[in-house]
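The structure appears below as C-alpha coordinates.
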Amino acid sequence: MMNKSAPGREPAVRAAGLTVVRGGARVIDGLDFTVPAGSVTGLLGPSGCGKTTLMRAIVGAQARVSGTVEVLGRPGGSPELRHRLGYVTQDPSVYRDLTVRQNLDYFAAVLGIPRPRRAAAVDGALTDVDLGAKADALTGALSGGQRSRVSLAVALLGTPELLVLDEPTVGLDPVLRRDLWNLFHRLADERGTTLLISSHVMDEADRCHRLLLMREGALLAQGSPAELREATGSATIEGAFLRLVDRAARPESAGREEPERRADREADAGNTGPEGDTAA
Amino acid sequence: MSPARTLATARRVLRQLRHDPRTVALLLLVPVLLLTLLYYVFDNRAAEFDRIGSSLLGIFPMLTMFLVTSIATLRERTSGTLERLLAMPLAKADLLLGYALAFGALAVLQAGLVTGLAVWLLGLTVAGSPWLLLLVAVLTALLGTAMGLFVSAFAASEFQAVQFMPAFVFPQLLLCGLFTPRDTMQPALEYVSNVLPMSYSVNAAQQVLEHPGVTGHYLRDLGIVAGVALGVLVLGAATLRRRTA
(Lines give C-alpha, C1' and ligand atoms only; values in the text may rest on other atoms or scores of the structure.)
Protein backbone atom coordinates (compact mmCIF):
# COMPACT_ATOMS: atom_id res chain seq x y z
CA MET A 1 0.00 0.00 0.00
CA MET A 2 1.26 3.42 -0.86
CA ASN A 3 2.31 5.78 1.86
CA LYS A 4 0.05 8.79 1.51
CA SER A 5 2.08 11.19 3.61
CA ALA A 6 3.01 14.34 1.78
CA PRO A 7 6.78 14.62 1.53
CA GLY A 8 6.89 18.19 2.85
CA ARG A 9 4.93 17.57 6.05
CA GLU A 10 6.61 17.11 9.41
CA PRO A 11 5.86 13.76 11.05
CA ALA A 12 2.71 13.88 13.20
CA VAL A 13 4.53 12.09 16.01
CA ARG A 14 8.24 11.88 16.60
CA ALA A 15 9.54 9.98 19.63
CA ALA A 16 13.12 9.57 20.80
CA GLY A 17 14.15 7.47 23.77
CA LEU A 18 10.53 7.42 24.92
CA THR A 19 10.39 5.62 28.27
CA VAL A 20 7.52 5.10 30.72
CA VAL A 21 8.11 3.83 34.25
CA ARG A 22 5.25 2.27 36.17
CA GLY A 23 5.55 0.55 39.51
CA GLY A 24 9.34 0.73 39.26
CA ALA A 25 9.39 -1.15 35.95
CA ARG A 26 10.10 0.27 32.50
CA VAL A 27 6.89 -0.65 30.71
CA ILE A 28 8.00 1.32 27.64
CA ASP A 29 11.71 1.23 27.12
CA GLY A 30 13.49 3.80 25.00
CA LEU A 31 11.37 3.85 21.85
CA ASP A 32 12.40 5.78 18.74
CA PHE A 33 9.81 6.09 16.00
CA THR A 34 7.89 8.46 13.77
CA VAL A 35 4.31 8.53 12.60
CA PRO A 36 4.23 10.25 9.19
CA ALA A 37 1.62 12.98 8.77
CA GLY A 38 -1.45 11.90 6.83
CA SER A 39 -0.69 8.19 7.26
CA VAL A 40 -2.71 5.36 8.70
CA THR A 41 -0.17 3.83 11.07
CA GLY A 42 -0.86 0.56 12.85
CA LEU A 43 0.55 -0.15 16.30
CA LEU A 44 0.57 -3.92 16.48
CA GLY A 45 1.53 -6.20 19.28
CA PRO A 46 0.12 -8.74 21.71
CA SER A 47 -2.12 -7.75 24.59
CA GLY A 48 -0.17 -6.22 27.45
CA CYS A 49 2.86 -5.19 25.38
CA GLY A 50 2.44 -1.49 26.19
CA LYS A 51 0.37 -0.23 23.25
CA THR A 52 -2.10 1.61 25.45
CA THR A 53 0.66 3.12 27.60
CA LEU A 54 2.43 4.32 24.48
CA MET A 55 -0.76 5.91 23.17
CA ARG A 56 -1.41 7.57 26.53
CA ALA A 57 2.13 8.95 26.46
CA ILE A 58 1.47 10.44 23.01
CA VAL A 59 -1.80 12.11 24.00
CA GLY A 60 -0.34 13.36 27.29
CA ALA A 61 -2.44 11.27 29.68
CA GLN A 62 0.45 9.16 30.97
CA ALA A 63 2.50 10.15 33.99
CA ARG A 64 6.24 9.43 34.38
CA VAL A 65 7.23 9.72 30.74
CA SER A 66 10.86 10.45 29.90
CA GLY A 67 12.68 10.91 26.61
CA THR A 68 11.01 13.12 24.03
CA VAL A 69 7.73 12.83 22.24
CA GLU A 70 6.77 15.55 19.81
CA VAL A 71 3.18 15.66 18.60
CA LEU A 72 2.21 17.91 15.67
CA GLY A 73 5.38 19.86 16.27
CA ARG A 74 4.70 20.42 19.98
CA PRO A 75 5.88 18.62 23.10
CA GLY A 76 3.37 15.84 23.87
CA GLY A 77 0.72 16.91 26.36
CA SER A 78 0.89 20.63 25.52
CA PRO A 79 -2.40 22.40 26.25
CA GLU A 80 -2.71 23.67 22.65
CA LEU A 81 -2.73 20.05 21.43
CA ARG A 82 -6.03 19.40 23.20
CA HIS A 83 -7.82 21.08 20.27
CA ARG A 84 -5.87 19.21 17.64
CA LEU A 85 -5.94 15.55 18.59
CA GLY A 86 -8.62 12.99 19.30
CA TYR A 87 -8.05 9.99 21.54
CA VAL A 88 -10.34 7.00 21.80
CA THR A 89 -9.68 4.64 24.69
CA GLN A 90 -10.26 0.92 24.37
CA ASP A 91 -13.28 0.98 26.68
CA PRO A 92 -15.84 3.43 25.31
CA SER A 93 -15.57 6.61 27.38
CA VAL A 94 -19.04 8.05 26.97
CA TYR A 95 -21.92 8.63 29.38
CA ARG A 96 -24.17 5.60 29.44
CA ASP A 97 -27.01 7.58 31.00
CA LEU A 98 -27.24 10.06 28.13
CA THR A 99 -28.56 9.54 24.62
CA VAL A 100 -26.04 9.28 21.81
CA ARG A 101 -26.89 12.80 20.64
CA GLN A 102 -26.66 14.26 24.16
CA ASN A 103 -23.22 12.71 24.56
CA LEU A 104 -21.97 14.20 21.31
CA ASP A 105 -23.62 17.54 22.01
CA TYR A 106 -21.81 17.84 25.34
CA PHE A 107 -18.40 16.89 23.98
CA ALA A 108 -18.92 19.27 21.04
CA ALA A 109 -19.55 22.08 23.54
CA VAL A 110 -16.39 21.14 25.44
CA LEU A 111 -14.45 21.23 22.17
CA GLY A 112 -15.69 24.77 21.69
CA ILE A 113 -17.84 24.15 18.60
CA PRO A 114 -20.23 27.12 18.60
CA ARG A 115 -23.87 26.28 19.25
CA PRO A 116 -25.20 27.05 15.73
CA ARG A 117 -22.70 24.60 14.19
CA ARG A 118 -23.04 21.95 16.89
CA ALA A 119 -26.03 20.04 15.51
CA ALA A 120 -24.39 19.72 12.09
CA ALA A 121 -21.10 18.56 13.64
CA VAL A 122 -22.95 15.94 15.69
CA ASP A 123 -24.90 14.69 12.66
CA GLY A 124 -21.70 14.54 10.60
CA ALA A 125 -19.87 12.47 13.21
CA LEU A 126 -22.87 10.14 13.57
CA THR A 127 -22.96 9.62 9.81
CA ASP A 128 -19.22 8.89 9.78
CA VAL A 129 -19.67 5.99 12.22
CA ASP A 130 -23.02 4.97 10.70
CA LEU A 131 -25.03 5.51 13.87
CA GLY A 132 -27.52 8.09 12.61
CA ALA A 133 -30.42 5.76 13.31
CA LYS A 134 -29.43 5.42 16.97
CA ALA A 135 -29.02 9.14 17.68
CA ASP A 136 -31.78 9.27 20.26
CA ALA A 137 -31.15 5.91 21.89
CA LEU A 138 -29.74 5.76 25.39
CA THR A 139 -26.02 5.00 25.08
CA GLY A 140 -26.17 2.40 27.86
CA ALA A 141 -28.79 0.46 25.89
CA LEU A 142 -26.54 0.02 22.84
CA SER A 143 -24.38 -3.02 22.10
CA GLY A 144 -20.70 -2.89 22.97
CA GLY A 145 -19.71 -2.32 19.34
CA GLN A 146 -22.21 0.50 18.92
CA ARG A 147 -20.98 2.10 22.12
CA SER A 148 -17.39 2.07 20.89
CA ARG A 149 -18.58 3.76 17.72
CA VAL A 150 -20.22 6.49 19.83
CA SER A 151 -16.85 6.91 21.53
CA LEU A 152 -15.18 7.12 18.11
CA ALA A 153 -17.75 9.67 16.93
CA VAL A 154 -16.83 11.90 19.88
CA ALA A 155 -13.21 11.88 18.70
CA LEU A 156 -14.26 12.85 15.16
CA LEU A 157 -16.23 15.90 16.33
CA GLY A 158 -13.50 18.50 16.35
CA THR A 159 -11.97 17.31 13.02
CA PRO A 160 -8.66 16.59 14.79
CA GLU A 161 -5.38 16.50 12.89
CA LEU A 162 -4.24 13.38 14.75
CA LEU A 163 -6.50 10.54 15.82
CA VAL A 164 -5.16 8.03 18.33
CA LEU A 165 -7.43 4.98 18.43
CA ASP A 166 -6.92 2.15 20.90
CA GLU A 167 -8.21 -1.12 19.40
CA PRO A 168 -11.21 0.48 17.70
CA THR A 169 -12.20 -2.62 15.74
CA VAL A 170 -11.93 -5.26 18.45
CA GLY A 171 -15.02 -7.44 18.74
CA LEU A 172 -16.77 -5.93 15.71
CA ASP A 173 -18.31 -7.99 12.95
CA PRO A 174 -16.27 -8.21 9.75
CA VAL A 175 -18.56 -5.95 7.74
CA LEU A 176 -18.37 -3.20 10.33
CA ARG A 177 -14.64 -3.65 10.63
CA ARG A 178 -14.22 -3.17 6.91
CA ASP A 179 -16.46 -0.08 7.03
CA LEU A 180 -14.39 1.43 9.84
CA TRP A 181 -11.13 0.81 8.02
CA ASN A 182 -12.65 2.46 4.95
CA LEU A 183 -13.60 5.40 7.15
CA PHE A 184 -10.06 5.63 8.54
CA HIS A 185 -8.63 5.77 5.03
CA ARG A 186 -11.23 8.31 3.95
CA LEU A 187 -10.20 10.52 6.90
CA ALA A 188 -6.56 10.24 5.88
CA ASP A 189 -7.21 10.79 2.17
CA GLU A 190 -9.89 13.48 2.27
CA ARG A 191 -9.11 15.39 5.45
CA GLY A 192 -5.37 14.72 5.73
CA THR A 193 -5.90 13.27 9.20
CA THR A 194 -3.09 11.18 10.68
CA LEU A 195 -4.32 8.01 12.36
CA LEU A 196 -2.46 5.87 14.87
CA ILE A 197 -4.46 2.70 15.40
CA SER A 198 -3.57 -0.11 17.76
CA SER A 199 -4.58 -3.71 17.31
CA HIS A 200 -3.56 -7.11 18.56
CA VAL A 201 -4.99 -8.72 15.44
CA MET A 202 -2.14 -9.06 12.99
CA ASP A 203 -4.42 -9.53 9.99
CA GLU A 204 -5.37 -5.86 10.21
CA ALA A 205 -1.77 -4.95 9.41
CA ASP A 206 -2.25 -4.82 5.67
CA ARG A 207 -4.87 -2.12 6.02
CA CYS A 208 -2.17 0.26 7.30
CA HIS A 209 0.32 2.38 5.38
CA ARG A 210 2.87 1.88 8.05
CA LEU A 211 3.37 -0.38 11.05
CA LEU A 212 5.00 -0.23 14.42
CA LEU A 213 5.48 -3.75 15.77
CA MET A 214 5.72 -3.88 19.53
CA ARG A 215 6.45 -6.54 22.10
CA GLU A 216 7.15 -6.32 25.83
CA GLY A 217 7.56 -2.55 25.83
CA ALA A 218 10.06 -2.52 22.97
CA LEU A 219 9.70 -1.79 19.28
CA LEU A 220 10.54 -4.84 17.14
CA ALA A 221 10.35 -3.01 13.83
CA GLN A 222 8.75 -0.16 11.92
CA GLY A 223 8.02 0.25 8.23
CA SER A 224 5.37 -0.44 5.63
CA PRO A 225 3.78 -3.92 5.68
CA ALA A 226 5.57 -4.76 2.41
CA GLU A 227 8.92 -3.63 3.79
CA LEU A 228 8.50 -5.69 6.93
CA ARG A 229 7.50 -8.81 5.00
CA GLU A 230 10.37 -8.40 2.59
CA ALA A 231 12.96 -7.74 5.28
CA THR A 232 11.98 -10.86 7.18
CA GLY A 233 11.20 -12.98 4.18
CA SER A 234 7.72 -13.72 5.48
CA ALA A 235 4.45 -13.89 3.62
CA THR A 236 2.41 -12.44 6.46
CA ILE A 237 2.93 -9.82 9.14
CA GLU A 238 2.33 -12.52 11.73
CA GLY A 239 5.24 -14.44 10.22
CA ALA A 240 7.37 -11.31 10.20
CA PHE A 241 6.49 -10.68 13.83
CA LEU A 242 7.53 -14.21 14.86
CA ARG A 243 10.76 -13.98 12.96
CA LEU A 244 11.60 -10.64 14.55
CA VAL A 245 10.91 -12.08 18.00
CA ASP A 246 13.19 -15.04 17.28
CA ARG A 247 15.85 -12.76 15.95
CA ALA A 248 15.66 -10.50 19.01
CA ALA A 249 15.94 -13.54 21.29
CA ARG A 250 19.03 -14.98 19.54
CA PRO A 251 20.71 -12.22 17.57
CA GLU A 252 23.70 -14.36 16.54
CA SER A 253 21.62 -17.20 15.10
CA ALA A 254 18.99 -15.00 13.49
CA GLY A 255 17.26 -16.55 10.54
CA ARG A 256 17.59 -20.16 11.68
CA GLU A 257 14.31 -21.99 11.74
CA GLU A 258 12.77 -23.51 14.83
CA PRO A 259 10.97 -26.67 13.73
CA GLU A 260 7.82 -25.92 15.76
CA ARG A 261 7.61 -22.44 14.29
CA ARG A 262 7.69 -23.79 10.77
CA ALA A 263 4.02 -24.76 10.86
CA ASP A 264 3.08 -21.14 11.46
CA ARG A 265 4.86 -20.09 8.34
CA GLU A 266 4.08 -22.77 5.86
CA ALA A 267 3.42 -20.02 3.34
CA ASP A 268 7.03 -18.95 3.23
CA ALA A 269 8.73 -22.32 3.73
CA GLY A 270 12.27 -22.46 2.47
CA ASN A 271 12.67 -18.73 2.61
CA THR A 272 14.90 -18.04 5.56
CA GLY A 273 16.35 -15.17 3.63
CA PRO A 274 18.75 -12.43 4.66
CA GLU A 275 17.89 -9.79 7.17
CA GLY A 276 16.89 -6.27 6.30
CA ASP A 277 17.55 -3.46 8.67
CA THR A 278 14.04 -2.38 9.50
CA ALA A 279 14.40 -3.73 13.03
CA ALA A 280 14.17 -0.76 15.36
CA MET B 1 -12.15 28.69 32.06
CA SER B 2 -15.19 29.45 29.95
CA PRO B 3 -18.81 30.05 31.01
CA ALA B 4 -20.04 28.14 27.94
CA ARG B 5 -18.18 24.98 28.98
CA THR B 6 -19.21 25.34 32.63
CA LEU B 7 -22.87 25.67 31.66
CA ALA B 8 -22.60 22.81 29.16
CA THR B 9 -21.22 20.63 31.95
CA ALA B 10 -24.01 21.61 34.33
CA ARG B 11 -26.59 20.89 31.63
CA ARG B 12 -25.01 17.53 30.92
CA VAL B 13 -25.10 16.52 34.61
CA LEU B 14 -28.76 17.55 34.84
CA ARG B 15 -29.57 15.61 31.66
CA GLN B 16 -27.96 12.53 33.19
CA LEU B 17 -30.18 12.97 36.23
CA ARG B 18 -33.23 13.33 34.03
CA HIS B 19 -32.59 9.84 32.68
CA ASP B 20 -32.63 8.59 36.26
CA PRO B 21 -35.98 9.75 37.66
CA ARG B 22 -35.85 7.34 40.57
CA THR B 23 -32.71 8.95 41.97
CA VAL B 24 -34.28 12.39 41.63
CA ALA B 25 -37.45 11.19 43.36
CA LEU B 26 -35.44 9.69 46.21
CA LEU B 27 -33.37 12.85 46.53
CA LEU B 28 -36.42 15.04 46.80
CA LEU B 29 -38.78 12.83 48.77
CA VAL B 30 -36.62 11.09 51.36
CA PRO B 31 -35.81 14.27 53.35
CA VAL B 32 -39.48 15.24 53.25
CA LEU B 33 -40.54 11.86 54.62
CA LEU B 34 -37.79 11.83 57.26
CA LEU B 35 -38.74 15.26 58.53
CA THR B 36 -42.39 14.19 58.70
CA LEU B 37 -41.28 11.15 60.70
CA LEU B 38 -39.32 13.43 63.04
CA TYR B 39 -42.44 15.54 63.53
CA TYR B 40 -44.36 12.52 64.81
CA VAL B 41 -41.42 11.34 66.92
CA PHE B 42 -41.50 14.67 68.78
CA ASP B 43 -45.26 14.55 68.89
CA ASN B 44 -46.06 17.01 71.64
CA ARG B 45 -42.68 18.65 72.08
CA ALA B 46 -42.83 21.51 69.60
CA ALA B 47 -39.76 23.30 71.01
CA GLU B 48 -37.56 20.25 70.46
CA PHE B 49 -38.93 19.68 66.98
CA ASP B 50 -38.12 23.32 66.19
CA ARG B 51 -34.55 22.94 67.42
CA ILE B 52 -33.69 19.60 65.81
CA GLY B 53 -35.84 20.18 62.73
CA SER B 54 -34.20 23.48 61.85
CA SER B 55 -30.72 21.94 62.16
CA LEU B 56 -31.69 18.91 60.10
CA LEU B 57 -32.90 21.19 57.30
CA GLY B 58 -29.27 22.09 56.79
CA ILE B 59 -27.93 18.58 57.21
CA PHE B 60 -30.15 16.60 54.81
CA PRO B 61 -28.92 18.31 51.66
CA MET B 62 -25.33 17.81 52.74
CA LEU B 63 -25.80 14.05 53.18
CA THR B 64 -27.50 13.50 49.84
CA MET B 65 -25.23 15.81 47.89
CA PHE B 66 -22.16 14.15 49.39
CA LEU B 67 -23.38 10.74 48.23
CA VAL B 68 -24.58 11.83 44.80
CA THR B 69 -21.43 13.77 44.00
CA SER B 70 -18.98 11.16 45.22
CA ILE B 71 -20.66 8.44 43.15
CA ALA B 72 -21.07 10.66 40.08
CA THR B 73 -17.44 11.74 40.16
CA LEU B 74 -16.23 8.22 40.82
CA ARG B 75 -18.17 7.07 37.76
CA GLU B 76 -16.61 9.86 35.76
CA ARG B 77 -13.17 8.67 36.87
CA THR B 78 -13.72 4.95 36.27
CA SER B 79 -15.63 5.20 32.97
CA GLY B 80 -12.78 7.05 31.29
CA THR B 81 -14.90 10.12 30.60
CA LEU B 82 -12.82 12.18 33.04
CA GLU B 83 -9.64 11.22 31.21
CA ARG B 84 -11.28 12.08 27.92
CA LEU B 85 -12.50 15.46 29.17
CA LEU B 86 -9.09 16.33 30.57
CA ALA B 87 -7.53 15.51 27.19
CA MET B 88 -9.90 18.09 25.69
CA PRO B 89 -9.78 21.87 26.11
CA LEU B 90 -11.78 21.78 29.37
CA ALA B 91 -10.49 23.64 32.42
CA LYS B 92 -10.75 21.75 35.69
CA ALA B 93 -12.72 24.69 37.07
CA ASP B 94 -15.29 24.26 34.27
CA LEU B 95 -15.89 20.70 35.38
CA LEU B 96 -16.01 21.48 39.10
CA LEU B 97 -18.23 24.52 38.73
CA GLY B 98 -20.46 22.64 36.31
CA TYR B 99 -21.01 19.95 38.91
CA ALA B 100 -21.45 22.52 41.68
CA LEU B 101 -24.05 24.39 39.59
CA ALA B 102 -26.05 21.29 38.69
CA PHE B 103 -26.04 19.78 42.15
CA GLY B 104 -26.48 23.23 43.69
CA ALA B 105 -29.67 23.66 41.66
CA LEU B 106 -30.85 20.28 42.86
CA ALA B 107 -29.98 21.26 46.44
CA VAL B 108 -32.06 24.43 46.12
CA LEU B 109 -35.00 22.31 44.98
CA GLN B 110 -34.52 19.75 47.74
CA ALA B 111 -33.94 22.29 50.51
CA GLY B 112 -36.83 24.43 49.28
CA LEU B 113 -39.19 21.48 49.34
CA VAL B 114 -38.22 20.29 52.80
CA THR B 115 -38.06 23.80 54.30
CA GLY B 116 -41.46 24.66 52.82
CA LEU B 117 -42.94 21.47 54.24
CA ALA B 118 -41.41 22.12 57.67
CA VAL B 119 -42.53 25.72 57.94
CA TRP B 120 -45.97 25.60 56.32
CA LEU B 121 -47.24 22.09 56.97
CA LEU B 122 -45.46 20.85 60.07
CA GLY B 123 -45.55 24.20 61.86
CA LEU B 124 -41.83 24.49 62.46
CA THR B 125 -41.42 27.92 64.05
CA VAL B 126 -38.24 29.93 63.79
CA ALA B 127 -37.75 33.51 64.99
CA GLY B 128 -35.95 34.52 61.77
CA SER B 129 -36.98 34.21 58.15
CA PRO B 130 -37.27 30.72 56.64
CA TRP B 131 -35.30 32.10 53.66
CA LEU B 132 -32.27 32.37 55.92
CA LEU B 133 -32.73 28.71 56.78
CA LEU B 134 -32.87 27.89 53.07
CA LEU B 135 -29.60 29.72 52.52
CA VAL B 136 -27.94 27.62 55.24
CA ALA B 137 -29.25 24.46 53.56
CA VAL B 138 -27.96 25.45 50.11
CA LEU B 139 -24.48 26.37 51.31
CA THR B 140 -24.25 23.19 53.36
CA ALA B 141 -25.33 21.23 50.28
CA LEU B 142 -22.48 22.82 48.33
CA LEU B 143 -20.14 21.77 51.13
CA GLY B 144 -21.45 18.22 50.70
CA THR B 145 -20.85 18.44 46.93
CA ALA B 146 -17.29 19.65 47.47
CA MET B 147 -16.55 16.95 50.03
CA GLY B 148 -18.03 14.22 47.84
CA LEU B 149 -15.91 15.35 44.94
CA PHE B 150 -12.79 15.32 47.06
CA VAL B 151 -13.26 11.89 48.64
CA SER B 152 -14.12 10.28 45.31
CA ALA B 153 -10.42 10.57 44.49
CA PHE B 154 -9.67 8.12 47.29
CA ALA B 155 -12.33 5.59 46.43
CA ALA B 156 -11.51 2.82 43.98
CA SER B 157 -15.07 1.50 43.83
CA GLU B 158 -18.63 2.56 44.55
CA PHE B 159 -18.58 0.37 47.67
CA GLN B 160 -15.73 2.43 49.06
CA ALA B 161 -17.33 5.72 48.06
CA VAL B 162 -20.51 4.84 49.96
CA GLN B 163 -18.46 3.93 53.04
CA PHE B 164 -16.83 7.35 53.02
CA MET B 165 -20.19 8.87 53.88
CA PRO B 166 -20.34 7.53 57.47
CA ALA B 167 -16.58 8.04 57.80
CA PHE B 168 -16.67 11.72 56.82
CA VAL B 169 -20.15 12.83 57.73
CA PHE B 170 -21.16 10.92 60.87
CA PRO B 171 -18.42 12.28 63.16
CA GLN B 172 -19.55 15.75 62.14
CA LEU B 173 -23.14 14.80 62.80
CA LEU B 174 -22.28 13.56 66.31
CA LEU B 175 -20.16 16.58 67.17
CA CYS B 176 -22.16 19.38 65.52
CA GLY B 177 -24.30 20.12 68.55
CA LEU B 178 -27.41 18.36 67.33
CA PHE B 179 -27.35 15.70 70.04
CA THR B 180 -25.82 17.69 72.85
CA PRO B 181 -24.70 21.34 72.99
CA ARG B 182 -21.09 21.63 71.92
CA ASP B 183 -20.03 23.66 74.97
CA THR B 184 -21.04 20.80 77.29
CA MET B 185 -18.78 18.27 75.52
CA GLN B 186 -15.33 17.18 76.68
CA PRO B 187 -12.96 20.07 75.87
CA ALA B 188 -11.05 17.87 73.40
CA LEU B 189 -14.26 17.02 71.54
CA GLU B 190 -15.42 20.60 71.64
CA TYR B 191 -12.14 21.63 70.08
CA VAL B 192 -12.57 19.03 67.32
CA SER B 193 -16.13 20.22 66.71
CA ASN B 194 -14.75 23.75 66.31
CA VAL B 195 -12.84 22.73 63.20
CA LEU B 196 -15.63 20.67 61.61
CA PRO B 197 -17.70 22.68 59.14
CA MET B 198 -21.06 21.10 59.95
CA SER B 199 -20.89 22.67 63.43
CA TYR B 200 -21.20 26.06 61.76
CA SER B 201 -24.18 25.01 59.65
CA VAL B 202 -25.98 23.96 62.82
CA ASN B 203 -24.86 27.16 64.58
CA ALA B 204 -26.28 29.24 61.74
CA ALA B 205 -29.57 27.34 61.85
CA GLN B 206 -29.75 27.96 65.61
CA GLN B 207 -29.22 31.68 65.00
CA VAL B 208 -32.25 31.70 62.69
CA LEU B 209 -34.21 29.71 65.26
CA GLU B 210 -33.50 32.15 68.06
CA HIS B 211 -33.11 35.59 66.48
CA PRO B 212 -35.57 37.49 64.29
CA GLY B 213 -33.00 39.31 62.13
CA VAL B 214 -29.70 38.50 60.44
CA THR B 215 -27.11 38.31 63.21
CA GLY B 216 -23.38 38.75 62.98
CA HIS B 217 -22.93 35.17 64.15
CA TYR B 218 -25.18 33.94 61.36
CA LEU B 219 -23.08 35.73 58.76
CA ARG B 220 -19.82 34.51 60.29
CA ASP B 221 -21.06 30.90 60.41
CA LEU B 222 -22.27 31.01 56.81
CA GLY B 223 -18.97 32.55 55.76
CA ILE B 224 -17.09 29.67 57.39
CA VAL B 225 -19.28 27.05 55.67
CA ALA B 226 -18.86 28.75 52.29
CA GLY B 227 -15.12 29.17 52.83
CA VAL B 228 -14.61 25.52 53.74
CA ALA B 229 -16.72 24.46 50.74
CA LEU B 230 -14.54 26.55 48.46
CA GLY B 231 -11.34 25.24 50.05
CA VAL B 232 -12.43 21.61 49.69
CA LEU B 233 -13.43 22.31 46.07
CA VAL B 234 -9.88 23.56 45.40
CA LEU B 235 -8.51 20.42 47.07
CA GLY B 236 -10.85 18.43 44.83
CA ALA B 237 -9.45 20.20 41.78
CA ALA B 238 -5.98 19.08 42.83
CA THR B 239 -7.14 15.45 42.64
CA LEU B 240 -8.14 15.82 38.97
CA ARG B 241 -4.94 14.98 37.14
CA ARG B 242 -4.42 15.17 33.43
CA ARG B 243 -1.57 12.69 33.62
CA THR B 244 -2.05 9.46 35.58
CA ALA B 245 0.12 6.38 36.04
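Letters A, B, ... mirror the listed sequences (proteins, then strands); counts begin at 1. All heavy atoms count here, side chains included; hydrogens, waters and symmetry mates do not.
- B/Leu90 CG to A/Phe107 CZ: the interatomic distance, rounded to the nearest 0.5 Å, is 9.5 Å.
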Taking distance alone, no hydrogens or angles, what donor-acceptor pairs closer than 3.5 Å link side-chain atoms of residues 159-176 of chain B to residues at least two apart or in another chain?
unit_1: B/Gln160; atom_1: OE1; unit_2: B/Ala156; atom_2: N; d: 2.8
unit_1: B/Gln172; atom_1: OE1; unit_2: B/Met198; atom_2: N; d: 3.1
unit_1: B/Gln172; atom_1: NE2; unit_2: B/Phe168; atom_2: O; d: 3.3

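- Minimum heavy-atom separation, B/Arg243 to A/Gly60: CG-O, 3.2 Å.
- Looking at B/Leu86, only its backbone comes within 4.5 Å of chain A, counting heavy atoms on both sides.
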Side-chain donor-acceptor contacts of residues 131-150 of chain B below 3.5 Å, not counting sequence neighbours, with atom names and distances?
unit_1: B/Thr140; atom_1: OG1; unit_2: B/Val136; atom_2: O; d: 2.6
unit_1: B/Thr140; atom_1: OG1; unit_2: B/Ser201; atom_2: OG; d: 3.1
unit_1: B/Thr145; atom_1: OG1; unit_2: B/Ala141; atom_2: O; d: 3.2

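- Only the side chain of A/Leu138 comes within contact range of chain B, with heavy atoms under 4.5 Å apart.
- Here the closest heavy-atom approach between residue A/Leu111 and residue B/Pro89 is recorded as CD2-CD, 3.9 Å.
- A/Val110 has its side chain out of reach of B/Arg84: every pair of non-hydrogen atoms, C-beta onward, lies at least 4.5 Å apart.
- If you measure heavy-atom distances from A/Asp105 to chain B, the contacts under 4.5 Å come from the side chain alone.
- Both the backbone and the side chain of A/Ser151 come within contact range of chain B, judged by heavy atoms closer than 4.5 Å.
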TODO: Go through the steps to decide whether B/Met88 and A/Val154 satisfy the test side chain to side chain contact (heavy atoms under 4.5 Å, CB included), and finish with yes or no.
DONE: CA-CA 11 Å; B/Met88 287 183 171; A/Val154 171; 3.8 Å; yes

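- With chain B as the partner, the residue from A/Arg22, A/Gln102, A/Arg115 showing the most heavy-atom pairs under 4.5 Å is A/Gln102.
- Proximity of a side-chain donor or acceptor of A/Arg82 to a complementary backbone N or O of B/Ala87 within less than 3.5 Å is not detected.
- Proximity to chain B involves both the backbone and the side chain of A/Val88, based on heavy atoms less than 4.5 angstrom apart.
- At most 12 heavy atoms of other shown residues, nucleotides or ligands fall within 6.0 angstrom of atom CG in A/Asp91.
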Please tabulate, for the side chains in residues 70-79 of chain A, all donor-acceptor contacts under 3.5 angstrom to protein atoms that are two or more places apart in sequence or on a different chain.
unit_1: A/Arg74; atom_1: NE; unit_2: A/Glu80; atom_2: OE2; d: 3.4
unit_1: A/Arg74; atom_1: NH1; unit_2: A/Glu80; atom_2: OE2; d: 2.9
unit_1: A/Ser78; atom_1: OG; unit_2: A/Pro75; atom_2: O; d: 2.5

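- Heavy-atom proximity under 4.5 angstrom to chain A picks out B/Arg5, B/Ala8, B/Thr9, B/Arg11, B/Arg12, B/Arg15, B/Gln16, B/His19 from residues 4-28 of chain B.
- For A/Arg118, the part lying under 4.5 angstrom from a heavy atom of chain B is the side chain only.
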